[in-house]
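In what follows, every heavy atom counts, from backbone to side chain, and hydrogens, waters and symmetry copies are set aside. Proteins get letters first, then strands, A, B, ... in listed order; numbering begins at 1 in each.
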2 protein chains.
Amino acid sequence: MAKERKIDMVILGLLSHEDLTGYDIKKRIDGAISFFWKGSFGNIYPALKDMETQGLISKNDTSVGGRERITYKITEAGEKALNNWLKAEQVENELKYETLLKLFFGASERTEVSVHNIEVFEKQIQDDLKMLKVYYETLEKSLDNKDHVYYLLTVSFGIETYEAYLKWCNKAKKMLIDNLK
Amino acid sequence: MAKERKIDMVILGLLSHEDLTGYDIKKRIDGAISFFWKGSFGNIYPALKDMETQGLISKNDTSVGGRERITYKITEAGEKALNNWLKAEQVENELKYETLLKLFFGASERTEVSVHNIEVFEKQIQDDLKMLKVYYETLEKSLDNKDHVYYLLTVSFGIETYEAYLKWCNKAKKMLIDNLK
DNA sequence: TTTTTGATATATCTGTTTGATATATATTAG
DNA sequence: CTAATATATATCAAACAGATATATCAAAAA
């Protein structure tokens, strides 16, 4: 058996707040969610079709003029599926860092190459961290919205881990330079 | 065009140290590498076949008795490909954490469900952290081996980020309990 | 005014990866 | 001696990523 399709839960979660088109869903995922979960048209559209067949969501045509526009709404069965998933013990947490892979095999090349690779990573993280801090400040001002408390927690996860990454970058560079020259 | 197949580089990296069978490669990946990169028979064996055709690795039959055993060796072209990848700027770093996904949609359920989900995550991380610390202590004793310096850096990455996760777990649980009762 | 760029929107295709399963041999533990 | 586990190759279905195709519409630029 193949693993359960997780994109379904992302879609249900988003639809539990508002009716959306496939395109909207992609945009939402590309926003605040993207740092811990990704989506693509290639899995969003087939998932919408399947879930409609399963009765977890319902389709309604909101086309204007010649412009096609299919909005989806979550059904009661969909809400149930979402809550069951939220309560399920099993979770799949996965890190996939090419930077660490390169570092693992770093001894095949000159030390400077690995130091440079860490710097590339460091730059990426610094940029992403700035974005997360902007999100954080915005959310902090509207914690009366219950959803925002949860959003803030995921953003705070990002900030704390990215700060840990940056600390590691410094240690790692130092260690490479000290130990290997 | 599809993205380049990364498993090729994992295989080349491993073969740059020793000759291995597909099964061996799987075992190596499941070990110290698995926390930042995964592999499966379903992509290892096809990759081995392709890379042999491309001349990046060479096959030699080391079967004993009726037991099939195909060992692969890296070629000069393979070493070149590995070093080119190590020097390439572009990297793909990706976090895929279902725990954060659940937390993001946490407002759909009772606060206790999210607190429990954080505790499940916390337990997982505590266990993994113990393993990483054992790796660390073992590696620390053999830093005369140049490779081990690099291995240690990846393990240290894991330790630092997992410790940051645990700190976040406490903060997050407290925030949920304070803000939402 | 016309053109072009960019955003909206659905959909599909190829290649890659995951996870499971099938098959068979060798070794170890009870 | 037998059962369970480890070794080993291989393939399949489902899921996913990334790119591309197609078309509409709004806004900005020429």
Any side-chain heavy atom of Ile70(B) sitting closer than 4.5 Å to one from Thr21(B)?
no
Atom-pair distance (OH on Tyr23(A); P on dA23(D)), nearest Å
18 Å
Let me know the distance between CD of Glu4(B) and P of dA17(D), rounded to the nearest Å.
17 Å
Can you check the Ile7(A) CD1 to dA17(D) C1' distance for me, whole Å?
11 Å
Answer with yes or no after comparing the ring centroid distance for Phe121(B) and Tyr165(B) against a 6.0 Å cut-off, counting only values under it.
yes
Just the rounded figure in Å: distance from P of dT16(C) to CD of Glu94(B).
17 Å
Donor-acceptor under 3.5 Å (Thr161(B) side chain, Thr161(A) main chain)
no
Is there any side-chain hydrogen bond (donor to acceptor under 3.5 Å, both in side chains) pair reaching into residues 75-87 of chain B, and which pairs are they, with sequence neighbours excluded?
Glu98(A)-Trp85(B)
Separation of dT18(C) P from Lys6(B) NZ (nearest whole Å)
12 Å
Does Arg69(A) contact dT10(C) through a side-chain donor or acceptor facing the base, at a distance under 3.5 Å?
no
Rounded to whole Å, please give me the gap between CG in Asp50(A) and C1' in dT12(C).
15 Å
Take the protein atom CG of Asp61(A) and the nucleotide atom P of dA9(C), then report the distance between them rounded to whole Å.
12 Å
Would you kindly compare Asp24(B) and Lys49(B) by the position of their nearest DNA chain D nucleotide and give the one closer to the 5′ end?
Asp24(B)
Which parts of residues 27-46 of chain B get close to DNA chain D, meaning a heavy atom less than 4.0 angstrom away?
Lys27(B), Phe41(B), Gly42(B), Tyr45(B)
Mind checking whether Trp168(B) and Phe157(A) have parallel, tilted or perpendicular rings, split at 30° and 60°?
perpendicular
Nucleotide dC16(D), atom P - distance to CD of Glu98(B) in whole Å
11 Å
Is any side-chain N or O of Thr21(B) closer than 4.0 Å to OP1 or OP2 of dT7(D)?
no
Donor-acceptor pair between Asn93(B) and Thr99(A) side chains, under 3.5 angstrom:
yes
Any salt bridge linking Glu160(B) with Lys167(A)? Criterion: basic side-chain nitrogen under 4.0 Å from a carboxylate oxygen.
no
Hey, mind stepping through Ser16(B) and Leu14(B) against side chain to side chain contact (heavy atoms under 4.5 Å, CB included) and telling me if it holds?
CA-CA 5 Å; Ser16(B) 75; Leu14(B) 289 170; over 6 Å; no
Could one point to a donor on the side chain of Arg67(B) or the base of dT7(D) with an acceptor on the other under 3.5 Å away?
yes
Determine the interplanar angle of the Phe35(B) and Tyr162(B) rings, folded into 0 to 90°, and report it as parallel if under 30°, tilted if 30 to 60°, perpendicular if over 60°.
perpendicular
Going by number, which of residues 10-20 of chain A have a non-hydrogen atom under 4.0 Å from DNA chain C?
none
5'-most contact on DNA chain D: Glu68(A) or Thr71(B), nearest heavy atom basis?
Thr71(B)
